[in-house]
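As the structure is a prediction and not an experimental result, all values here were calculated from the model.
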Amino acid sequence: QVQLVESGGGLVQAGGSLRLSCAASGRTFSSYVMGWLGWFRQVPGKEREFVSRINWSGRTYYADSAKGRFTISRDNARNTVYLQMNNLKPEDTAVYYCAASLSGGREVDQYDYWGRGTQVTVSS
């Protein structure tokens with residue numbers, strides 16, 4: 001099993017910043033150390049959507065909505081992944097989820113383990 005625990009969400013005004021963290025642990029997490037950690041987000045009534053992912057060597061991918069504003073990073077020694085979000089917009093309001101995958105990708109079903117999520121609310 002792999003446990004993923006997100007933190008860092010909250011309420012921020014448009015144009016502000018937040019940094020999300022996701023701490024990974026568990027007996028089988030060692031299998032995912034060489035894999036991918038990703039961030040997704042979901043608004044009520046809509047499908048969960050890809051935001052960004054990073055692999056063990058630091059290779060990153062971003063959704064178009066995140067490019068230029070969000071930065072994903074990973075501390076392998078701490079088994080933690082971060083999402084620095086700058087210039088936040090009201091449309092970034094969502095529950096943000098951390099997920100682990102061996103192969104990566106942008107689809108929800110490519111990820112094997114998920115955290116419970118952290119709420120991000122951006123006021124206008």
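Inter-residue side-chain proximity for T71 and Y62 is flagged as met; some heavy-atom pair is nearer than 4.5 Å. A heavy-atom distance below 4.5 Å is not found between the side chains of R78 and S21. Considering only heavy atoms from C-beta on, V108 stays 4.5 Å or farther from E47 through its side chain. For the pair C22/L37, no side-chain contact is recorded, criterion being any heavy-atom separation below 4.5 Å from C-beta on. Residues F70 and W39 have side chains not in contact (no heavy-atom distance under 4.5 Å, counting atoms from C-beta outward).
Side-chain polar atoms of R74 and N76 form a donor-acceptor pair below 3.5 angstrom.
When all heavy atoms of L18 and L88 are compared, the closest pair comes out as N-CD1, 3.8 Å. Nearest heavy-atom pair across P90 and S124 is CG-CB, 3.8 Å. Q110 and E107 make their closest contact through OE1-N, 2.9 Å (heavy atoms, listed as atom of the first residue, atom of the second, distance). Residue C98 comes nearest to L4 through the heavy atom pair O-CD1, 3.7 Å, listed as atom of the first residue, atom of the second, then distance. Of all heavy-atom pairs spanning A94 and R41, the tightest one is CB-CB, 3.8 Å. The nearest pair of heavy atoms linking Q84 to S17 is NE2-CB, 3.9 Å.
Y82 and Y96 are not part of a single hydrophobic cluster, where members link through side-chain heavy atoms under 4.5 Å apart. Note on M85: it does not cluster hydrophobically with F50, by side-chain heavy-atom contacts below 4.5 Å among ILVMFWY residues. Under the 4.5 Å side-chain heavy-atom criterion for ILVMFWY residues, a single connected hydrophobic cluster contains both V2 and L102. In the hydrophobic cluster analysis, where Ile, Leu, Val, Met, Phe, Trp and Tyr join through side-chain heavy atoms closer than 4.5 angstrom, I54 is grouped apart from Y97.
Side chain of T93 to backbone of V122: a donor-acceptor contact under 3.5 angstrom is found. Side-chain atoms of R69 come within 3.5 Å of backbone atoms of N87 as a donor-acceptor pair (strictly under, hydrogens ignored). Checked by atom type and distance alone, the side chain of Y111 pairs as donor or acceptor with a backbone atom of G105 at under 3.5 Å.
Taking the six-membered ring where the residue is Trp, Y61 and W36 present tilted rings, their angle falling between 30° and 60°.
Ion pair R116/E6 not flagged as a salt bridge, since none of the NZ, NE, NH1 or NH2 atoms sits closer than 4.0 Å to an Asp/Glu carboxylate oxygen. Note on D64 versus K67: salt bridge recorded, some NZ/NE/NH1/NH2 to OD/OE distance being below 4.0 Å.
Expressed to the nearest 0.5 Å, how far CZ of R53 lies from CZ of F40 amounts to 8.5 Å. Separating the CG atom in L83 from the OG1 atom in T118 is a distance of 11.0 Å, to the nearest 0.5 Å. In this structure, OG in S103 is found 12.0 Å from CG in N55, a value given to the nearest 0.5 Å.
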